[in-house]
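First the proteins, then the strands, lettered A, B, ... as listed; each starts at 1.
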Amino acid sequence: MTEDSTTLDKTYNAADVEEALYARWEKAGEFAAHPESKAAPYTIMMPPPNVTGSLHIGHALTFTLQDTLIRYNRMTGKDALWQPGTDHAGIATQMVVERQLAESKGPTRREMGREAFLARVWSWKEQSGGVITHQLRRLGASPDWKRERFTMDEGLSRAVTKVFVELFRQGLIYRDKRLVNWDPKLHTAISDLEVESRDVKGKMWYFKYPVDGMPDTFITVGTTRPETMLGDTGVAVHPEDERYKALVGRCVILPLVGRKIPIVADDYADPEKGSGAVKITPAHDFNDFGVGKRNNLAMINVFDRDAKLNENAPQKFQGLDRFKVRDMVVAEMEALGLLEKIEANAMQVPYGDRSGVVIEPWLTDQWYCNAEVLAQPCIKAVEEGRTRFVPKNWENTFFEWMRNIQPWCISRQLWWGHQIPAWYGPDNHPFVASSEDEAYADAKKHYGKDVELRRDEDVLDTWFSSALWPFSTLGWPDKAPELARYYPGDVLVTGFDIIFFWVARMMMMGIHFMGDVPFRDVYIHALVRDEKGQKMSKSKGNVMDPLDLCNVYGTDAVRFTLTAMAAQGRDIKLAETRIAGYRNFITKIWNAARFSQMNECVIVPGFDPKGVKTTLNKWIVAKTVEAARGVAEAIEAYRFNDAATVMYQFTWNIFCDWYLEFAKPVFSSQAGGSDEAAKAETRAATAWVIDQILIIGQPMIPFVTETLWEKLAEAAKIKRAGFLMQQPWPKYDIKPSPEAEAEMDWVVDVITKIRSVRTEMNVPASLQMAATLKDASTGAKARLVTHNALICANARLASLKADDAVIANAAQVVVGEGTVLLPLEGVIDLSKERERLAKEIAKKDADIANDDKKLTNEGFIAKAPPEVVDEIRERRAGAVDARAKMNEALARISA
RNA sequence: GGGCGGUUAGCUCAGCGGUAGAGCACACGCUUCACACGCGUGGGGUCGCAGGUUCAAUCCCUGCACCGCCCA
């Protein structure tokens with residue numbers, strides 16, 4: 001189509017360039033950090049996605065923002081390290097592989113045995129582990145891939161062992177028997193954070209327990225979980241409850257079981273609720289556990305790991321599922337006449353966030369981390385501002401959780417993960433050590449002889465290893481130079497949903513082992529929802545695949561949309577129309593470049609924007625400087641939406657809509673004279689501004705900008721010094737130009753007003769008339785001369801000359817310092833023009849009255865800042881002047 | 001129950017003490033020599049409700065209503 005192979009096509013085709021361009025960046029080492037350099041470091045630790053996961057829209061948001069920060073800081077001359085990697089994601093990954101085994105009717109993991117199963121998981125990791133990192137590349141993310149880490153890498157695993165051993169020796173990790181959240185499907189303990197409570201319409205059953213030694217006397221207890229009664233070891237009443245005072249100290253006979261259990265007084269019983277008496281099952285309820293401990297009640301565990309009834313329950317229930325037993329217990333109690341009533345009861349039921357089954361509080365031995373101790377210096381660090389949350393309100397959420405933190409259960413009954421470095425002797429005495437040899441040595445010392453040791457089968461919570469991410473990836477515990485250089489990081493970018501899971505724990509481990517916070521800023525971004533504000537989920541069918549969107553609209557459009565919508569403190573409701581809108585913006589940039597190319601706007605080596613002569617060019621240079629500064633300030637303040645807005649408005653609404661339109665008459669002017677100099681300068685300035693747009697846009701929209709950077713140079717036969725992404729962020733030594741701005745504002749105002757009147761008076765677009773400027777001030781006359789071609793071209797006039805003569809059939813446009821008369825013989829309807837002017841005058845009247853209200857208010861004059869008063873006085877004067885001109889204009893056409 | 005956030009144009013959202021903004025959508029007009037993924041012009045808002053502070057409130061304070069999220 002094009003005559004010249006270097007001429008740009010009409011539209012930008014993202015799909016044609018993105019992958020190849022990315023590969024070239026990566027191959028050229030553009031993403032690499034340079035620990036040997038003298039530049040100040042800038043570090044972002046990438047939150048490691050699940051190794052077997054795939055990219056969702058939330059990833060697209062978080063990685064776009066991080067990439068924008070990294071690319072921007074790289075351009076400002078910092079030695080930027082964006083540390084990438086993936087997480088082994090213990091439960092999630094193990095579940096996937098187990099599901100595969102089940103689907104292929106293969107052996108279960110227990111049938112396979114630990115070694116074979118782990119080999120299987122590793123091979124799955126090898127096979128699918130590259131998916132997400134490949135997808136990150138499609139998104140344009142620019143981390144230092146050569147430094148990619150995996151949480152189960154040798155080095156990172158060593159870090160895990162060292163941390164575990166040290167914390168154990170410091171007494172901050174310990175083994176304890178207490179209730180855990182047990183997942184009966186996955187057969188593992190999970191932490192509080194992995195439990196989600198769901199609202200459920202349940203029931204409250206009221207059972208009558210016969211009091212021992214008092215025939216026909218019963219005590220009624222309410223329960224939402226009848227099956228747990230088989231493990232009851234007490235009944236609690238409030239110490240002040242008169243109804244039951246006499247019964248405290250006696251026992252009840254537990255129906256169906258026959259066990260004699262005591263009635264105890266405990267504050268936990270709420271006299272206002274139900275009967276005021278509660279059954280106590282210490283082995284299966286977190287509250288009851290506390291009551292049981294306080295009152296020395298027995299702890300009877302009646303469930304097995306599948307949450308089926310075990311040998312501690314009466315024989316007929318053994319081996320049956322908890323929910324089956326629930327029905328049986330209720331039926332039997334009813335048959336015995338011990339079921340008093342059933343009420344509907346709204347309640348919350350705990351579910352495992354991975355398995356989706358009801359979680360069972362279960363009494364087991366687990367490893368715990370004393371989070372309370374580790375949390376204290378983190379709280380202090382945030383209080384003192386050594387780590388800063390952006391937006392700040394998340395600090396409250398952080399404090400709230402950290403100040404009420406519970407022991408962190410860190411052991412998981414899984415195989416995929418870091419196996420706990422603990423070995424047990426014959427008497428179950430634990431030996432925690434860095435290696436098996438060390439454990440054996442310790443054991444020999446302890447027992448005075450060689451003994452057989454058994455390694456703890458369990459692995460650590462996935463978040464235990466990710467908590468070390470900010471330093472384990474840098475080489476810790478070895479003394480790597482990177483540690484000193486890149487720790488602490490500058491900012492951590494993440495969603496609020498993992499403040500507790502991850503942010504808080506990185507702070508605990510970072511402060512404890514590195515002696516300093518792991519990052520200075522924590523930028524918490526929004527969650528991406530669908531356009532109706534609903535969470536995206538596969539079951540709802542409303543997920544948007546970021547890569548599909550990239551394929552349709554181009555990666556830059558997707559990135560720019562997410563950036564533009566990333567306002568602080570608000571969730572993002574993403575509508576596809578927005579992406580299409582920003583795709584159009586990308587095309588607009590493309591076409592601006594195409595226009596400049598067609599008009600032979602070529603970068604002039606040594607072009608100095610400070611030295612431009614024409615008002616037009618002074619103006620656009622000043623505007624460009626302003627835009628670049630605006631983008632930089634916004635990115636540095638994490639106001640990504642502002643950065644996008646500045647970029648968008650400058651490029652489209654200033655550069656394309658006005659400057660390029662103004663440049664057209666300059667480019668098409670006849671050869672010869674001073675015009676030739678102006679033409680050359682405008683060409684050079686246009687090329688320069690486009691370059692600046694590419695530079696400041698690069699962090700947000702790297703593909704189209706880099707592509708244009710190359711293509712423009714190629715067409716102009718210019719050699720660029722390297723990729724756009726390594727260009728220095730511009731530092732202009734250019735002052736604002738208020739005179740040029742005022743002058744161009746006037747030109748814009750004149751054009752806009754003439755266009756407006758033309759449309760309102762239904763003047764055909766093709767009609768070009770010879771207009772005059774009546775009562776023009778000296779300044780206006782000068783401007784008219786300078787910008788005559790621009791005004792005529794853009795307002796579609798044949799000519800515009802200063803002339804005080806009255807024209808009979810004219811539309812009259814009041815502008816600053818004059819009135820434009822548009823002769824419209826045969827086109828204009830004078831009555832309509834009178835109406836129009838009257839309306840404008842009325843508008844001015846209203847404005848002036850509004851200002852007068854203020855200016856006649858003594859309080860306002862006395863108390864408002866003088867500059868505000870002056871501003872309103874000036875505004876009023878301007879309006880009065882304009883109104884006078886309008887009145888004159890109206891008088892001229894009123895017979 | 002506790003905490004946090006939201007309520008601004010038809011939709012999605014900025015703004016957060018000095019006469020209300022954007023994108024999309026809508027209406028009208030444009031084959032204006034980069035772009036119809038475009039150009040121009042326009043309509044559309046008592047800034048959730050009620051009080052208070054202030055010369056001045058969409059913006060600050062109090063209360064209420066509704067919506068959402070987190071934690072019990």
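The interatomic distance linking A/Gln768 (CD) with B/rC30 (P) rounds to 15 Å, in whole Å. Atom CH2 in A/Trp652 sits about 8 Å away from atom C1' in B/rG38, given to the nearest Å. B/rG38 atom C1' lies 11 Å from atom CG of A/Asp657, rounded to whole Å. We find that CG of A/Asn762 is positioned 13 Å from C1' of B/rA27, with the value rounded to whole Å. As a whole-Å value, the separation of A/Lys854 NZ from B/rU54 C1' is 12 Å. A/Arg758 places its CZ atom 11 Å from the C1' atom of B/rC30, with the value rounded to the nearest Å. We find that CG of A/Asn396 is positioned 16 Å from P of B/rC71, with the value rounded to whole Å. The distance between atom CG of A/Leu660 and atom P of B/rG38, rounded to the nearest whole Å, is 15 Å.
Of the inter-residue distances, the one linking A/Leu492 atom CG with A/Ile498 atom CD1 reads 7.5 Å to the nearest 0.5 angstrom.
Contacts of A/Ser596 with the nucleic acid, taken as non-hydrogen atoms under 4.0 Å apart, are absent. Across all strands shown, A/Ser756 has heavy atoms under 4.0 Å from sugar-phosphate atoms exclusively, and none from any base. Among the heavy atoms of the strands lying under 4.0 Å from A/Arg755 are primed sugar atoms or P, OP1, OP2 only; no base atom is included. No contact: A/Glu760 has no heavy atom under 4.0 Å from any strand. Residue A/Ala862 is out of contact with every strand shown, counting any heavy-atom pair closer than 4.0 Å.
Between A/Lys664 and B/rC39 there is no side-chain polar atom (N or O) within less than 4.0 angstrom of OP1 or OP2.
Pair assignment for B/rG1 gives B/rC71, based on Watson-Crick or G-U wobble hydrogen-bonding distances that are each under 3.5 Å. When both distances must be under 3.5 Å, the Watson-Crick or G-U wobble mate of B/rG23 is B/rC11. Partner assigned to B/rU54 is none, using Watson-Crick or G-U wobble distances below 3.5 angstrom.
When distances are taken from the side chain of A/Ile872 to each of B/rA14, B/rG18, B/rA34, the shortest belongs to B/rG18. Across B/rA34, B/rG40, B/rG18, the shortest atom-to-atom separation from the side chain of A/Phe860 is found for B/rG18. Among the nucleotides B/rC55, B/rA14, B/rC35, the one closest to the side chain of A/Asn641 is B/rA14. Proximity note for A/Asn857 (side chain, C-beta onward) versus B/rC55, B/rA36, B/rA14: the nearest is B/rC55.
Separating the P atom of B/rU31 from that of B/rA36 is a span of 15 Å, rounded to the nearest Å.
Residue order along RNA chain B, read from the 5' end via each residue's closest nucleotide, puts A/Asn850 first among A/Asn850 and A/Thr752.
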